[in-house]
Amino acid sequence: MSLFQARFDEAVWQIIANIPLGQVMAYGEIARAAGFPRHSRMVSKAMSRSTKKLPWHRVIRSDGSLAFPLKSEEYETQKARLMSEGVLMLNGKVSAAKTEPDDLDALIWGPES
DNA sequence: CCCTTGACTATCT
DNA sequence: GAGATAGCCAAGG
């Protein structure tokens, strides 16, 4: 294993492990937080290599969609886990992290009307 | 070396 | 706003 991987993996796993329950982070955000701004694509590989248990389901794309194919087993698992943590999903996209009930109406129906 | 491969992104149609 | 496009970059063949 290259030195790059060793350092990158460690940094990335660290970030992911600290994502609060009910919250999500994009690949790019994680890469940036880990100190590797242009390595969003490497994040997935680091996760695949991980032996430790990580909250991988809290990692999504920058546009809020999940990275796995729609009908795949992983997609369903990730979606299920997110929803069980209170993460809202509308039209295949994560709309928001866990919020207070007071905010739900605004989130779902919009600030207007 | 050159080419392909991604659990990606930002930007333009 | 969905699709195409062009950057991105380490790994592996």
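Both backbone and side-chain heavy atoms feed into the values below; hydrogens, waters and symmetry mates do not. None of the values given here were measured: they were computed from a predicted structure.
By the 4.5 Å heavy-atom criterion applied to side chains, A/His39 and A/Val12 are not counted as neighbours. Using a 4.5 Å heavy-atom threshold, the side chains of A/Leu21 and A/Arg58 count as touching.
Between A/Asp63 atom CG and B/dT11 atom P there is a gap of 14 Å when expressed in whole angstrom units. Between A/Arg7 atom CZ and C/dA11 atom C1' the separation is 16 Å, expressed in whole Å. Atom-to-atom, CE of A/Met1 to C1' of C/dG12 comes out at 14 Å; the value is rounded to the nearest Å. B/dA7 atom P lies 14 Å from atom CZ of A/Phe8, rounded to whole Å. At whole-Å resolution of the value, CG in A/Leu66 and C1' in B/dA7 are 10 Å apart. For A/Lys93 and C/dG1, the NZ to C1' distance is 8 Å, given to the nearest whole Å.
The neighbour count for A/Arg49 CZ, taken as heavy atoms of other residues, nucleotides or ligands under 6.0 Å away, is above 12.
The aromatic rings of A/Phe4 and A/Phe8 lie parallel to each other, with less than 30° between the two planes, well short of the 60° mark.
Residue contacts for A/Phe4: at a heavy-atom cut-off of 4.0 Å it reaches the sugar-phosphate backbone alone, with no base atom in range.
As rounded to the nearest Å, B/dC1 and C/dG13 have C1' atoms that lie 12 Å from one another. Taking the C1' atoms as reference points, B/dG6 lies 11 Å from C/dC8, given to the whole Å.
Interatomic distance, CD of A/Gln78 versus CH2 of A/Trp56, reported as 5.5 Å (0.5 Å rounding).
The A/Ser62 side chain lies nearest to B/dA10 when the options are C/dA11, B/dA7, B/dA10.
When hydrophobic clusters are built by joining Ile, Leu, Val, Met, Phe, Trp and Tyr residues whose side-chain heavy atoms come closer than 4.5 Å, directly or via intermediates, A/Val94 is grouped together with A/Leu70.
Phosphate contact (OP1/OP2 of C/dA11, side-chain N/O of A/Gln5, threshold under 4.0 Å): present.
Checked by atom type and distance alone, the side chain of A/Asp63 pairs as donor or acceptor with a backbone atom of A/Ser65 at under 3.5 Å.
In the region residues 28-60 of chain A, proximity to DNA chain C at under 4.0 angstrom, judged on heavy atoms, holds for A/Arg38, A/His39, A/Arg41, A/Met42.
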